[in-house]
Amino acid sequence: MSLFQDRYDVIVVGGGHAGSEAAAAAANMGCHTLLVTMNLQNIAQMSCNPAMGGIAKGQIVREIDAMGGYSGIVSDTSAIQFKMLNKSKGPAMWSPRVQSDRMRFAEDWRLMLEQTPNLDFYQEMVKGLLVEGEKVVGVTTSLGLQIKARTVVLTNGTFLNGLIHIGEKNFGGGRAGERAATGITEQLTDIGFDSGRMKTGTPPRVDGRTLDYDKMIEQPGDENPEKFSYSDATSPLSNQRSCYMTYTSPAVHDLLREGFERSPMFNGRIKSIGPRYCPSIEDKIHRFADKERHQIFVEPEGWNTVEVYVNGFSTSLPEDVQFNALRSVPGFENVKFFRPGYAIEYDYFPPTQLKHTLETKLISGLYFAGQINGTTGYEEAASQGLMAGINAALQVQEKEPFTLKRNEAYVGVLIDDLITKGTEEPYRMFTSRAEYRTLLRQDNADLRLTPKAYEIGLAKEDRMRRMEEKRDKSDAFVSFFMKTSVAPEEMNPILERYESSPMKQSDKMYKVFSRPRITMDDMRSLNQVKAYIAKENLDEEIIEQVEIQVKYSGYIEKEKNNADKLNRLEGLRIPTNFDYTKIKSMSYEAREKLAKVQPTTVSQASRISGVSPNDISVLLVYMGR
């Protein structure tokens, strides 16, 4: 009698952020799902920093939540600090971020998965796929078990032939203290897949009891913290833990340089490329030699643990070099290590081998998500896992695939960038990668995506009702501002404060509110607005939503029109021998690449690596002339 007699609808390989979201999505859509991972104790482990969200990544977490994924809920329940970043800029740039309790984060994820119907678990290494013709039909394990499935989602993280480097030492491993996974890369390359190597790194973890926080700058959370999830399942934090900041110095840099000839990055042991936007400390002092100091963020790993994460000090230098240099950083004079930093090299598969659904072009029913696609970051991985899990479930159910366009979600931008441009270095998301970022704000992810997720059966009824209530109340409040007039005597004292020209007669509130510098707080001081908010029982989320809709209506409208135009102009043909050198407002790299490739259509041009969405917009304007 076999351990696994049934054929599963979906098998998810790997229990990191991508695997956890993929398994939850497929199971919640009614598919009989199996999550196979090498260690069930490490489900949704935060392998690097104990934090979720950040610039553009916070928008991704809110999008995952809006669609019915779990990352937003777990980020809220395990948070020790909340910050809305970029609040001094426009709302398109606002990005939520939490500092997390590392142990609680993994525990909450595990417990949520255990409570998910249709989901089974199994602990073992998957060493190969069962393939018949050009279709995946299951997986094989290191014990030789064959588990049958209709679809398979691979989310192997940094485990595929993982190699850990600390100075001149290296050893196989997928993470500190865990073995690497073997067999899958070799089989896929035999089938005809291209594979490559990438590198990422992590800083030392230290004993917080040995740090002198008086020599550092305190970094508290927001005074009125918000949260990630749109659901009622979580609440904002009532108390928070502070992080701290300190700096390196020329003395620290000199100590680090002493170890360069023993560094795997400089002596040729590591040949693969690391993340450009999260460089190691040795990379930073090598590339930015003119900088006298770099920021170090001191981040507690949880509510009660003394373990501390040294953000900004990612390194693979020998452990004695790490230790001596860190002891010269203010506040770290007596530091004790829990473990040194290290770099890890692992296999990935260039994502140009995937369809928009994250299904591979070569093998039907096989999906890739997370670092196997060349991305870096928990949030990027989780969003791919969610989309792969959704599409695996839809394939089993013989339904239309689910994809998101660039003007619909950051998740759409991420996947489109990966499959059309590929990546030669670990890809991470930024707001600048999204040409429609005014539409893709963190405050409206539910309005954008919950209806779509409800339609495919992932977002549940209660989420849909909540979103509809928010939408209807926001629309009604905007309508109130459009229809209601305000008298000069009530409004002029406010206008005077901002040296804005006074009103001579009554005017609609919307018009006055649209003036620069007038805020929702100003409008809320008016009796009619105060009364409306009280009567309709409006919460802060709706009030903020309406302020953005009124203040940025021009920008939002313009971006919607641009999106419609770009969607319509996808098939526009570019004249033969088009002279790109004339377009001075386009980046030099784009002009060079376009002149070399000579694409025949705008849509082909947009897929060329190094040509940004902004360059395409410039090209369209130029062609429109």
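What you see is a predicted model; the values in this text were computed from it and never measured. The first residue in the sequence is number 1, and the count goes up from there.
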Expected list for residues 34-41: side-chain donor-acceptor pairs under 3.5 angstrom, two or more places apart:
| residue | atom | partner | partner atom | Å |
| --- | --- | --- | --- | --- |
| Thr37 | OG1 | Gly15 | N | 3.3 |
| Asn39 | OD1 | Gln41 | N | 2.9 |

Pairs in or reaching into [range]: which pass salt bridge (charged side-chain N to carboxylate O under 4.0 Å, His left out), with residues at least two apart or in two chains?
range: residues 391-403; value: none
range: residues 6-15; value: Asp9-Arg150
range: residues 35-49; value: none
range: residues 31-53; value: none

Assess the residue pair Ile415 and Leu404 against the criterion (side chain to side chain contact (heavy atoms under 4.5 Å, CB included)); give the C-alpha distance rounded to whole Å, side-chain angles, the decisive distance to 0.1 Å, and a yes or no. CA-CA 9 Å; Ile415 293 172; Leu404 293 166; over 6 Å; no
Heavy-atom distance under 4.5 Å between the side chains of [X] and [Y], does that happen here?
X: Leu160; Y: Phe349; answer: yes
X: Leu113; Y: Phe121; answer: yes
X: Glu435; Y: Ser612; answer: no
X: Gln240; Y: Pro220; answer: no
X: Phe297; Y: Asn49; answer: no
X: Asp539; Y: Lys473; answer: no
X: Phe430; Y: Val413; answer: no
X: Leu418; Y: Tyr427; answer: yes

Please check if the side chain of [X] supplies one atom and the backbone of [Y] the other of a donor-acceptor pair under 3.5 Å.
X: Trp94; Y: Lys89; value: yes
X: Asp101; Y: Arg104; value: yes
X: Glu408; Y: Lys405; value: yes
X: Asp522; Y: Ile494; value: no
X: Arg175; Y: Thr158; value: no
X: Gln397; Y: Met29; value: yes
X: Asp416; Y: Arg406; value: no
X: Lys551; Y: Ile518; value: yes
X: Arg241; Y: Gly302; value: yes
X: Asn391; Y: Phe402; value: yes

Determine, step by step, whether Met523 and Phe481 satisfy the side chain to side chain contact (heavy atoms under 4.5 Å, CB included) criterion, reporting the C-alpha distance in whole Å, the side-chain angles of both residues, the deciding distance to 0.1 Å, and the verdict. CA-CA 10 Å; Met523 300 309 287; Phe481 279 115; 4.1 Å; yes
Please indicate whether [X] has more than 12 foreign heavy atoms, meaning atoms of other residues, nucleotides or ligands, lying under 6.0 Å from its [atom1].
X: Lys135; atom1: NZ; result: yes
X: Met103; atom1: CE; result: no
X: Lys530; atom1: NZ; result: yes

Shortest non-hydrogen contact from [X] toward [Y]:
X: Leu119; Y: Ala23; value: CD1-CB, 3.9 Å
X: Asn118; Y: Ala27; value: ND2-O, 2.9 Å
X: Leu449; Y: Ala66; value: CB-CB, 4.2 Å
X: Val153; Y: Ala388; value: CG1-CB, 3.8 Å

Quick one: do Glu226 and Arg97 make a salt bridge, cutoff under 4.0 Å?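 No, this pair does not count.
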Answer yes or no: is there an ion pair linking Asp462 with Lys460, defined by an N-O contact shorter than 4.0 Å?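 Salt bridge between Asp462 and Lys460, a charged N being under 4.0 Å from a carboxylate O: no.
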Apply side chain to side chain donor-acceptor pair (under 3.5 Å) to Glu178 and Asn42, showing your working. CA-CA 10 Å; Glu178 293 178 70; Asn42 291 341; 3.1 Å; yes
Side chain to side chain contact (heavy atoms under 4.5 Å, CB included) involving Asn561 - partner list, sequence neighbours excluded: Glu557
Between [X] and [Y], a side-chain donor and acceptor under 3.5 Å:
X: Tyr367; Y: Gln395; answer: yes
X: Glu559; Y: Thr438; answer: yes
X: Glu218; Y: Ser242; answer: yes
X: Asn373; Y: Tyr348; answer: no
X: Thr141; Y: Glu124; answer: yes
X: Ser617; Y: Asn614; answer: no

Can you name the side-chain hydrogen bond (donor to acceptor under 3.5 Å, both in side chains) partners of [X], sequence neighbours left out?
X: Lys483; result: Ser479
X: Thr423; result: none
X: Arg205; result: Thr202
X: Lys355; result: Glu359

What's the verdict on side chain to side chain contact (heavy atoms under 4.5 Å, CB included) for Phe159 and Met125, showing C-alpha distance, side-chain angles and the deciding distance? CA-CA 10 Å; Phe159 282 77; Met125 184 169 91; over 6 Å; no
Which residue pairs pass the ring-ring contact (aromatic ring centres under 6.0 Å, His included) test with at least one member in residues 4-61, sequence neighbours excluded? Phe4-Tyr122, Tyr8-His32, His17-Phe105, His17-Tyr378
Sort and list the pairs that fulfil side chain to side chain donor-acceptor pair (under 3.5 Å) and have at least one residue in residues 57-79, not counting sequence neighbours. Glu21-Ser71, Asn28-Tyr70, Lys57-Glu379, Lys57-Glu380, Gln59-Ser95, Arg62-Gln442, Glu63-Arg448, Asp65-Ser229, Asp65-Arg463, Tyr70-Thr116, Asp76-Thr234, Thr77-Asp108
